[in-house]
Number of protein chains: 2
Amino acid sequence: MVPLTPGERAALDRLEERERSLRRGATLVREKDHGGEMFVLRKGTVMSSVLLDDGSRQILRFMFPGDLLAGSALVYREATETLTALTDCTVSPFERPLLAKLITDHPRLAAVIMVYSQIERAALTDRLAALGRTSAKARVAAILIEIRNRQRMMNPALGSSFVLGLTQEEIGDATGLTAVHVNRMLRQLEEEHLIARETGRMILKDERALSRAANYVDRYTGLDLAWLPDPR
Amino acid sequence: MVPLTPGERAALDRLEERERSLRRGATLVREKDHGGEMFVLRKGTVMSSVLLDDGSRQILRFMFPGDLLAGSALVYREATETLTALTDCTVSPFERPLLAKLITDHPRLAAVIMVYSQIERAALTDRLAALGRTSAKARVAAILIEIRNRQRMMNPALGSSFVLGLTQEEIGDATGLTAVHVNRMLRQLEEEHLIARETGRMILKDERALSRAANYVDRYTGLDLAWLPDPR
DNA sequence: CGCACTGTTGAGGTATGTCAAGCTTCGTGG
DNA sequence: CCACGAAGCTTGACATACCTCAACAGTGCG
């Protein structure tokens with residue numbers, strides 16, 4: 001997205017010096033954990049979620065390679081979100097002082113971090129509007145498109161057929177629905193020929209109609225980064 | 001929250017050189033506006049919202065003095081949110097290059113901005129979980145507590161009685177409910193003696209029970225800022 | 001004084017949840 | 001390689017939280 005200077009490249013590489021592997025299903029951080037490490041996701045997919053006291057779960061976000069994990073450790077003593085590997089993953093843990101040094105030495109990278117957090121903010125507010133004001137069908141459609149598009153960022157060859165990698169219960173926890181109702185919405189989308197399903201695969205058969213049904217906005221395009229400070 | 005050096009103070013003051021007044025109800029930025037200005041809110045209350053194509057509205061956030069408005073102008077050519085004054089307000093507009101300079105010259109302030117955006121992220125994810133997984137009554141209770149607590153940050157003397165400054169329709173747009181149902185939930189909270197209402201005033205009669213009903217978490221306490229880089 | 005906005009209340013409808021049963025898929029260990 | 005169990009999926013019947021529409025009452029502003 002932004003060409004880096006060798007110095008910037010080196011500073012980012014220092015964040016990724018260590019490396020840790022996670023099995024599918026493993027928990028990287030649990031809500032209320034102390035520890036305060038942050039991570040860069042290198043490979044795989046991670047979800048972040050919270051548990052409410054009635055035992056229900058809300059999935060907040062899905063993370064893909066390049067994303068910063070546990071950014072809230074910048075601020076809070078206790079983790080605010082649980083991070084769980086959805087696939088086998090590798091992550092690079094790093095400590096807060098390293099980030100402080102990066103901000104000091106490389107102001108343009110600090111700005112890029114702010115840019116990423118604004119993109120994330122936009123994605124969160126989209127989901128907020130979806131949960132507050134759209135139908136179950138729209139929310140399910142939105143999550144299908146979003147996952148496909150994020151997978152496509154890492155693999156531009158990806159077409160309309162992809163492996164979702166989520167159970168219907170997980171889709172429900174992300175959209176604020178029950179697994180049973182997610183199932184019905186998927187079937188309905190299938191009956192309307194907007195999607196098709198094969199074991200493990202999701203196929204978007206009418207992306208135009210699906211995006212319309214979902215109110216989908218792509219937050220990873222239409223960026224304006226001309227204001228970034230000069231690299232150091 | 002953090003004591004500033006004179007240099008930092010001066011840099012922040014430069015963001016606030018200009019000043020603009022807004023009447024209650026006025027729109028500061030409309031969704032899809034170009035322009036790319038950002039603002040610091042100096043006085044008053046502002047809400048940010050989005051409109052969906054069926055005409056419904058989702059209120060994303062309420063902003064109070066000191067908050068950064070339109071941070072998404074950092075990234076997007078078109079505004080992603082509408083900003084509306086809930087009370088008479090004064091704001092200080094500033095341009096992106098000024099922020100770029102601030103990041104370069106004052107790394108610790110850059111870090112503080114990141115801290116604020118993490119706090120905001122936490123608040124957004126709390127609301128996401130509330131919309132996805134809690135009852136109408138809990139969501140209404142949560143918004144009452146949140147507004148009171150944010151007002152109290154600016155006026156520590158504020159007790160359990162305060163002026164909400166929102167219509168029931170606005171509460172509904174923030175919580176993903178209809179105005180009619182908000183009304184019923186307020187009455188129910190009143191019948192259970194959790195709140196009382198006088199014209200224009202809201203009184204929290206049993207904050208303990210209300211917080212419990214609302215799953216409320218205060219995101220403005222429990223911060224850990226020891227990692228911030230040294231001031232320049 | 002009148003009009004627009006906000007709040008209140010009731011009756012009835014609908015989207016989504018709950019519970020329960022049976023089915024498929026898949027990994028594991030015998 | 002098969003058998004088994006666990007996890008996920010599918011479907012139906014029924015329950016309910018929240019919505020819609022509609023009418024009216026209070027409040028404040030021009």
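Here is how names work: the chains are called A, B, and so on, in the same order as the sequence lines, proteins then strands, and each is numbered from 1. All of these numbers come straight from a predicted model, not from anything done at the bench.
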Under 4.0 Å between a Lys/Arg side-chain N and an Asp/Glu carboxylate O for [X] and [Y]?
X	Y	result
Lys137(A)	Glu192(A)	yes
Glu146(A)	Arg150(A)	no
Lys43(A)	Asp88(A)	no
Glu190(A)	Lys205(A)	no

In whole angstrom, what separates [X]'s [atom1] from [N]'s [atom2]?
X	N	atom1	atom2	value
Leu186(B)	dC18(D)	CG	C1'	15 Å
Leu177(A)	dT10(D)	CG	P	16 Å
Ile171(A)	dG8(D)	CD1	C1'	12 Å
Arg24(A)	dG8(D)	CZ	C1'	11 Å
Arg201(B)	dT6(C)	CZ	C1'	19 Å
Glu169(A)	dG17(C)	CD	P	13 Å
Asp173(A)	dG17(C)	CG	P	11 Å
Gln188(B)	dA17(D)	CD	P	10 Å

Any base atoms under 4.0 Å from Gly172(A), or only sugar-phosphate, or nothing? Heavy atoms, all strands.
nothing
Taking N and O atoms by type only, does the side chain of Arg184(B) place a donor or acceptor under 3.5 Å from a partner on the base of dG10(C)?
yes
Please figure out whether Arg187(A) or Met185(B) has its closest DNA chain D nucleotide nearer the 5' end.
Arg187(A)
Ignoring the backbone of [X], work out which of [options] is nearest its side chain.
X	options	answer
Thr167(A)	dT16(C), dG7(C), dG8(D)	dG8(D)
His181(B)	dC19(D), dT16(C), dT20(D)	dC19(D)
Thr199(B)	dC18(D), dT16(C), dT27(D)	dT27(D)
Val180(A)	dC19(C), dT27(D), dT25(C)	dC19(C)
Asn183(B)	dT8(C), dT18(C), dT27(D)	dT8(C)

Angle between terminal axes - the helix from dC1(C)-dG30(D) to dG30(C)-dC1(D), 5 pairs each end, rounded to 10°
50°
Distance check: side-chain N/O of Gln168(B) vs OP1/OP2 of dT8(C), anything under 4.0 Å?
yes
Measuring to OP1 and OP2 of dG8(D), would you say a side-chain N or O of Arg197(A) lies under 4.0 angstrom away?
no
Which comes earlier along DNA chain C counting from the 5' end, the contact point of Val182(A) or that of Ala179(B), where each point is its nearest nucleotide?
Ala179(B)
With sequence neighbours excluded, give me every side chain to side chain donor-acceptor pair (under 3.5 Å) pair touching residues 155-164 of chain B.
Ser161(B)-Arg201(B)
Give the minimum heavy-atom separation between Thr80(B) and Glu31(B), together with the two atoms involved.
O-CG, 3.6 Å
Side chains of Asp218(A) and Asn149(A), donor plus acceptor under 3.5 Å
no
Side chains of residues 57-66 of chain B: which donor-acceptor pairs under 3.5 Å do they make with residues two or more places apart or in other chains?
residue, atom, partner, partner atom, Å
Arg57(B), NE, Asp173(B), OD2, 2.6
Arg57(B), NH2, Asp173(B), OD2, 2.8
Gln58(B), NE2, Asp173(B), O, 3.2
Gln58(B), NE2, Ala174(B), O, 3.2
Arg61(B), NH2, Tyr220(B), OH, 3.1

